[in-house]
Amino acid sequence: MMDNCETNPRTDSFLKQLTDSQRQAVCHVDGPLLIIAGPGSGKTRVITYRIAELIRAGVRPWNICAITFTNKAADEMRQRALALGASSSVHISTFHSLCVRILRQYSDSVQLANNFSIYDSKEQARCVKQAIKDCDLDSSNFAPARMHSAISTLKNNMEDVDSYEAEAIGFFPKSLAKIYRRYQTILGENNALDFDDLLMRTALLLRDNKQVRDQLSERFKYLLVDEYQDTNSAQYEIAKYIALSHGNICVTGDPDQSIYRWRGADIRNILIFEKDWPQAKVIKLQENFRSTPNILKIADKLIANNSKRKAKLLIPTRDAGQEVCVDAYEDETTEAMAVAEKINQLVDKGCQLRDIAIFYRVNSMSRVLEEAFIQNQLPYQIVRGVEFYGRKEIRDMLGYLKILVNPSDEVSLMRIINTPTRGIGKTTIGRVADYARVNRITLYQALTKVSQITTISNGPKAKISVFINMIEKFKASINKKVAELMEIVFEESGLKKSLSFVVDSDKDALENVNELINSAAKFDEQAEEALLIDFLQQISLFSDADAYDASNNRVALMTLHAAKGLEFKNVFIIGLEEGILPHERSSNGDDEELEEERRLFFVGITRAKDNLNISYAKYRTIRGQMLRSIPSQFLYELGIDFAESTIAAEPEASYSSGHSYDYSEFAKVEKVSKSKYAYIKNQLVRHKKFGLGRVESFKDMGENSIVTVRFNNGQVKSLMLKYANLTEP
DNA sequence: CATAGCCGCCTTTTT
DNA sequence: GGCGGCTATG
């Protein structure tokens, strides 16, 4: 392939808009390419242009595969690539969607029926619980959530049951291996995969089956991976195996924006790219076209506190812009009202609501904001797509549909067999289940043979027959348009009727199902061949971030994680408090996790184009309890910059709600020497409310020092030294 | 067998 | 604070 960009007038015009390094990244055709790109450097744009440029250089669209982090990003890239002259036969999707395609195509090779269900976290949790129970282990010693995440970690590291079992030594690992094995068996019986299976099984398939590997390399001759810093082992292997034979792999990413370590993402994947691919060409994109220098200064100062990183520049290209605001509020309600107030001011100045976003660490923080927005009559959208699919009525509807595609899916079957109630109770189901077990058939098959089950009397038998006939009738319509099928199911299952009965309070339920049907109708329109199974699998892989709709003019509320890849003119980041950001559970002991929290804040900051507001509350109600909070150590790390900017410059600029800025904590930041008290790990201390405890960690920040204590009642608390009044035991 | 109400427990982040 | 599971009652 050639390596120049000069001849085609159509592509020339867009290439001229790029910087030299961007153009290099776009036009370098063959061989491995690493694009290390800071925030706001236009890396997604580079990938998109690159797709068009590859095609211009003679690569067949069919042979190009681009991997994005979210479905949303894939959609956007697809549209832009099309506008640049690419064709729709370029494959653009997330790793997970790609894996579904591969596993369905090669289902024979992986001994899988290709109508498998994809279980979401709740369905997975259910299976884990069942597995623990089946292994006769006590769920108080083996907390389902912990086991679930342990299994997930194993899968992300490509440890399948056999390999883990072989190396498990000791009671706990051996028990985990047992649970893991049982969990996999349950999934298998349900003909279901969890999210991690999609990746692991694909990776193992590619590893172990040369023929499949060759076919996929042949198909995807050019591989592009965006957000490579957040790939886990399985994703890393998949990418490696696809590109192994031709080396045409282009990855982009920013180690400073790696925020999914807890999900198995390994930042080293991007750091060792050059070792994996010795011929790799490396291009750095350090110019930032998004944010003002004032914002970048803060971002830079923050991320400099991460020790395990390669220093990277953030080169501003814009004018200074406004100062970054750091505000202190009395409590979370005041904070929310103040944010709403500030947004009103922005709107008065002509700002569009779609140009405003609020980021927070945990979803529960959206509630207060929501109330404040309703009071202020500000249109907003909470970017939480999966929440919709978690609703009871939606899960019920999907339960019916999943059964039609995959009758082995017992979790779904159990969900809907008596929803709405049709007189098939626990004892009856138990008897059918027994029959199924004895005769080694699935629950569904047992239901179809209910007439042969002697333990069940005629009443329940008839009810089961009616149910099975209904499902079979639905099945006959499985090739109808998805929306049409859904209408039938909704109506004839009695779900619609049961929802209509509910008085007033839950009127939303009906509308939610209608919304689901609408989305199915949209799917029917867009898909070339609208199959129910595709619709269901698409929904299963839907993420929070995918729900963001930039076209409606509303303020966007989302977690910092969901903010990845987006940008807004005005950004608010709230809850800069110890225990929130950094979050309590990640700051316990582990530096790696603290650094990830810092990167998360970094990601949030660098989403802002013009105007950034950071805030914390002095008191915050957490799970019903009002607690005094401690300003985040990250604020401390930003140091004098914000003390001299907003806070010192205009302390009187407070809001009508009457609270004032609290800058005492930070005013003296630079001058502060070490605290005269120093606590050491494991030291015994006494707190007048929490009692006796041992020091877990001590962060010496002079006036603002934070001591984390594990109290004997089991609680771990981070306390601000000057308020804690710790005494000798 | 259905339902209401109460008790206990809790990944924060997500595909 | 909220959901899921268990129990008591109709």
TODO: Hey, can you tell me if A:Phe172 and A:Phe142 have their rings parallel, tilted or perpendicular (30° and 60° cut-offs)?
DONE: parallel

- [ ] Identify whether any heavy atom of A:Asn363 sits under 4.0 Å from a base atom; if not, whether one sits that close to sugar-phosphate; answer base, sugar-phosphate or nothing.
- [x] sugar-phosphate

Open item on the list: Between A:Pro144 and A:Asp544, which residue's closest nucleotide on DNA chain B lies nearer the 5′ terminus?
Closed with: A:Pro144

Task: A:Arg384 side chain, from C-beta outward: closest of B:dT12, B:dT14, B:dT15 - done: B:dT14

Task: Atom P, compared across C:dG4 and B:dT13: separation rounded to whole Å - done: 15 Å

Task: Of all pairs that satisfy salt bridge (charged side-chain N to carboxylate O under 4.0 Å, His left out), the ones with a partner from residues 95-105 of chain A, not counting sequence neighbours - done: A:Arg104-A:Asp534

Task: Candidates B:dA2, B:dT15, B:dT14 - which lies nearest the side chain of A:Val386 - done: B:dT15

TODO: Could you list the residues that satisfy salt bridge (charged side-chain N to carboxylate O under 4.0 Å, His left out) with A:Arg261, not counting sequence neighbours?
DONE: A:Asp590, A:Glu592, A:Glu593

Task: Within residues 120-131 of chain A or reaching into it, pairs that qualify as salt bridge (charged side-chain N to carboxylate O under 4.0 Å, His left out) - sequence neighbours excluded - done: A:Asp120-A:Arg395, A:Glu123-A:Lys402

Open item on the list: With ring pair (Phe, Tyr, Trp, His ring centres under 6.0 Å) as the criterion, how do A:His583 and A:Trp262 come out once you've worked through the C-alpha distance, each side chain's angles and the decisive distance to 0.1 Å?
Closed with: CA-CA 13 Å; A:His583 196 276; A:Trp262 50 275; over 10 Å; no

Task: N or O in side chain of A:Ser543 less than 4.0 angstrom from B:dT15 OP1/OP2 - done: yes

- [ ] Assign A:Ser540 to base, sugar-phosphate, or nothing according to its heavy-atom contacts below 4.0 angstrom with the strands shown.
- [x] nothing

TODO: In whole angstrom, give the distance that lies between atom OH of A:Tyr389 and atom P of B:dT15.
DONE: 12 Å

Open item on the list: If you compare every side-chain N and O of A:Arg422 against the phosphate oxygens of B:dA2 (OP1, OP2), does one of them come in below 4.0 Å?
Closed with: no

Task: Residue-level proximity of residues 116-129 of chain A to DNA chain C when a heavy atom falls under 4.0 Å - done: A:Lys122, A:Lys129

Task: Non-hydrogen side-chain atoms of A:Phe220 and A:Leu98 separated by less than 4.5 Å - done: yes

TODO: Report the distance from atom CD of A:Glu227 to atom C1' of B:dT15, rounded to the nearest whole Å.
DONE: 14 Å

Open item on the list: Looking at A:Lys426, I'd like to know if its NZ atom is crowded, meaning that more than 12 non-hydrogen atoms belonging to other residues, nucleotides or ligands lie closer than 6.0 Å.
Closed with: no

Task: For A:Gln538, side chain to side chain contact (heavy atoms under 4.5 Å, CB included) partners two or more places apart - done: A:Phe523

- [ ] Kindly state whether the pair A:His561 / B:dT13 counts as stacked, where counting means centroids closer than 5.5 Å and planes tilted less than 30° apart.
- [x] no

Open item on the list: Does B:dA2 have its OP1 or OP2 closer than 4.0 Å to a side-chain nitrogen or oxygen of A:Asn418?
Closed with: yes

Open item on the list: Which residues in residues 261-269 of chain A have a heavy atom closer than 4.0 Å to any atom of DNA chain B?
Closed with: A:Trp262, A:Arg263

TODO: Identify whether any heavy atom of A:Tyr260 sits under 4.0 Å from a base atom; if not, whether one sits that close to sugar-phosphate; answer base, sugar-phosphate or nothing.
DONE: sugar-phosphate

TODO: Figure out the CG/P separation between A:Leu560 and B:dT14, and round it to whole Å.
DONE: 10 Å

TODO: Write down the distance between CD (A:Glu595) and C1' (B:dT13), rounded to a whole number of angstrom.
DONE: 18 Å

Task: Rounded distance (Å) that lies between atom P of B:dC10 and atom CZ of A:Arg585 - done: 10 Å

- [ ] Report yes or no: do A:Tyr380 and A:Glu370 form a side-chain donor-acceptor pair below 3.5 Å?
- [x] yes

Open item on the list: Strictly below 4.0 Å: does A:Ser364 bring a side-chain N or O up to OP1 or OP2 of B:dT12?
Closed with: no

Open item on the list: Check this for me: does any side-chain nitrogen of one of A:Lys72 and A:Asp75 sit under 4.0 Å from a carboxylate oxygen of the other?
Closed with: no

- [ ] Select from A:His148 and A:Thr94 the residue whose nearest nucleotide in DNA chain B is closer to the 5' end of that strand.
- [x] A:His148

Open item on the list: Expressed as a whole number of angstroms, how long is the span from A:Met365:CE to B:dT12:P?
Closed with: 14 Å

TODO: Mind calculating the distance between CG (A:Leu600) and P (B:dT14) to the nearest angstrom?
DONE: 10 Å

Open item on the list: Would you call the rings of A:His148 and A:Tyr183 parallel, tilted or perpendicular, taking 30° and 60° as the class edges?
Closed with: tilted

- [ ] Could you tell me whether the side chain of A:Arg361 has a donor or acceptor atom within less than 3.5 Å of a complementary atom in the base of B:dT13?
- [x] yes

TODO: Using whole Å, report how far CD1 of A:Ile539 lies from C1' of B:dT15.
DONE: 15 Å

